[in-house]
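Read through the structure below, which is laid out as structure tokens, and then see the notes.
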Amino acid sequence: MFFLSPGLVAVICAFILWIFDRKRRETQARAEARPRVEEDLKDSTDLQQVEEDADDVEEPEENVEHIPFIHTRYSEKEMVKRSQEFYELLNKRRSIRFISNEQVPMEVIDNVIKAAGTAPSGAHTEPWTFVVVKDPAVKHQIREVIEEEEEINYMRRMGHRWVADLRKLRTNWIKDYLDDAPVLILIFKQVHGFTAKGKKKVHYYNEISVSIACGILLAALQNAGLVTVTTTPLNCGPRLRALLGRPAHEKLLMLLPVGYPSKEATVPHFTRKSLDQIMVTV
Ligand SMILES: Cc1cc2nc3c(=O)[nH]c(=O)nc-3n(C[C@H](O)[C@H](O)[C@H](O)COP(=O)(O)O)c2cc1C
């Protein structure tokens with residue numbers, strides 16, 4: 001028979017505890033070295049969450065009147081011309097990271113945001129908030145938050161491959177355009193809404209809906225003759241949300257500095273994939 005003395009049992013227990021503690025510390029160290037960034041990228045439309053929240057959610061309004069649709073029909077020639085011209089307009093769009101401090105007409109900003117607000121949305125929930133920042137002091141505070149986080153992103157969070165992939169863009173964590181651009185538009189997705197009675201309203205596919213609105217906004221800016229660069233400041237969402245006084249159910253999706261290009265603006269010499277590379281006809 002083999003008996004363990006109390007002393008030996010204590011030593012074995014201490015050893016097992018030490019192994020567990022070392023594993024825990026290793027995991028924690030790895031997490032701190034490369035903090036999770038996926039939260040910023042995740043789409044929060046989650047069917048399980050919708051089910052779990054069901055008790056909190058008010059029954060929807062079903063009595064919406066249906067009215068005749070008014071359509072403008074063009075001749076085929078006109079359709080070809082319009083689609084060609086629209087493509088040519090959008091093909092001139094580039095991400096511009098050198099923006100002049102010249103002011104832009106605010107009526108144009110109103111109109112491009114109205115255009116973005118025409119986007120389709122899951123169950124017509126319109127889950128977007130466009131925060132327009134003009135105040136130079138607030139723009140500068142935004143820059144400080146972003147540069148602080150972006151330095152950590154480049155040095156630690158993004159990893160070697162991501163940083164290498166960005167080299168061709170010649171970007172880093174210094175973002176002059178956040179002070180220079182006369183307008184910053186911060187686009188928030190509302191992960192849920194509220195009914196008139198204060199109950200939670202489910203915002204289905206809120207990230208896809210807001211992303212479509214952002215695409216329309218980019219096209220509207222291009223159409224108006226303004227420039228921007230699509231930016232997704234990683235890990236800055238909560239701090240910028242707090243800075244701008246937005247509620248907790250709004251999450252930052254995108255930040256667009258908007259203005260005219262500065263005289264010395266340059267862009268990477270990119271080509272775009274051809275139609276046969278992006279289109280498959282079945
Ligand atoms: C979802 C998304 C996120 C992006 N994030 C950034 C960013 O954080 N900073 C940046 O300088 N450019 C960003 N870009 C811009 C891309 O680098 C740019 O679109 C790409 O290089 C193609 O160039 P073009 O926009 O001039 O065609 C982003 C673009 C997209 C679509």
Side-chain angles (χ1 to χ4, degrees), residues 35 37-44 86-100 112 116 119 128 130 133 139 142-159 161-181 183-189 205-241 251-262 264-275 277-278:
V37 294
E38 301 93 80
E39 284 302 310
D40 268 20
L41 306 174
K42 212 165 67 177
D43 189 325
S44 58
F86 191 62
Y87 157 66
E88 284 169 11
L89 173 74
L90 292 191
N91 197 29
K92 289 189 200 136
R93 185 208 55 79
R94 293 304 313 271
S95 292
I96 302 300
R97 300 176 178 86
F98 306 92
I99 299 181
S100 132
V112 293
W128 37 67
F130 301 90
V133 180
K139 282 194 297 168
I142 291 173
R143 178 178 180 174
E144 283 179 338
V145 169
I146 291 180
E147 289 191 343
E148 197 182 306
E149 291 294 333
E150 282 283 80
E151 183 169 2
I152 304 171
N153 292 338
Y154 274 82
M155 305 301 275
R156 303 223 309 264
R157 294 188 186 116
M158 293 188 327
R161 180 177 293 268
W162 194 346
V163 172
D165 281 342
L166 291 180
R167 235 166 251 145
K168 59 179 177 281
L169 301 178
R170 300 191 194 162
T171 54
N172 59 28
W173 55 89
I174 310 292
K175 314 278 181 196
D176 290 333
Y177 56 70
L178 293 172
D179 275 323
D180 296 340
V183 170
L184 305 180
I185 305 178
L186 290 93
I187 300 109
F188 288 82
K189 60 174 187 182
Y205 296 111
N206 55 77
E207 181 154 321
I208 299 178
S209 306
V210 183
S211 300
I212 294 171
C214 289
I216 295 175
L217 180 56
L218 293 177
L221 287 167
Q222 175 69 9
N223 180 56
L226 293 173
V227 299
T228 188
V229 51
T230 305
T231 72
T232 42
L234 204 56
N235 271 35
C236 299
R239 288 177 70 188
L240 295 180
R241 181 180 68 69
K251 313 278 180 209
L252 182 67
L253 188 72
M254 204 173 278
L255 183 156
L256 300 176
V258 174
Y260 300 102
S262 65
E264 62 280 5
T266 57
V267 289
H269 191 187
F270 287 158
T271 54
R272 293 191 165 117
K273 288 180 180 174
S274 59
L275 186 62
Q277 289 174 297
I278 63 171

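Everything numeric here is computed off the predicted structure, so don't read it as measured data. Whatever order the structure lists them in is the order used to number ligands and atoms, beginning at 1.
Going from atom CZ of Arg93 over to atom OG1 of Thr228 covers 9.5 Å, rounded to the nearest 0.5 Å. Rounding to the nearest 0.5 angstrom, the gap separating the OH atom in Tyr260 from the CG atom in Asp180 is 15.5 Å. With values rounded to the nearest 0.5 angstrom, Ile185 atom CD1 is found 11.5 Å from Met254 atom CE. Note that the OG1 atom of Thr230 and the CG atom of Leu255 stand 10.5 Å from one another [nearest 0.5 Å]. Summarising the geometry, atom CD1 belonging to Ile99 is positioned 10.0 Å from atom CZ belonging to Arg97; distances are rounded to the nearest 0.5 Å. Taken from CH2 in Trp173 to CD in Glu151, the straight-line distance is 5.0 Å, to the nearest 0.5 Å.
If you number the atoms of ligand 1 from 1 as listed, the ones under 4.0 Å from a heavy atom of Arg94 come out as 24 (P), 26 (O), 27 (O). In the vicinity of Leu169, heavy-atom distances shorter than 4.0 Å reach the ligand 1 atoms 17 (O), 21 (O). For ligand 1 and Thr171, the ligand atoms under 4.0 Å from any heavy atom of the residue are 11 (O). Those atoms of ligand 1 with a heavy atom of Val229 less than 4.0 angstrom away are 10 (C), 11 (O), 12 (N).
Here Lys139 does not pair with Asp179 in a salt bridge; the nearest charged N to carboxylate O distance is not below 4.0 Å. Taking a cutoff of 4.0 Å between a charged side-chain nitrogen and a carboxylate oxygen, Glu148 and Arg239 qualify as a salt bridge.
Contacts of Val267 with ligand 1, taken as heavy-atom pairs under 4.0 Å, are absent altogether. Contacts with ligand 1 closer than 4.0 Å are made by side-chain heavy atoms of Arg97 only, the backbone lying farther away. Counting heavy atoms closer than 4.0 Å to ligand 1, residue Thr230 contributes atoms from both its backbone and its side chain. With a 4.0 Å cut-off on non-hydrogen atoms, Leu234 does not touch ligand 1 at all.
Within a 6.0 Å sphere centred on OH of Tyr87, heavy atoms belonging to other residues, nucleotides or ligands number 12 at most.
The shortest N or O to N or O distance between Glu150 and ligand 1 is not under 3.5 Å. For Ser95, a nitrogen or oxygen atom sits less than 3.5 Å from a nitrogen or oxygen atom of ligand 1, counting backbone and side chain alike.
With respect to atom 20 (C) of ligand 1, the closest heavy atom belonging to the protein is Phe270 CE1, 4.4 Å. Of the protein's non-hydrogen atoms, the one nearest atom 27 (O) of ligand 1 is Arg272 NH2, 2.8 Å. Nearest protein heavy-atom contact of atom 1 (C) of ligand 1 is Thr232 CG2, 4.2 Å.
Ligand 1 lies less than 4.0 angstrom from a heavy atom belonging to Arg93.
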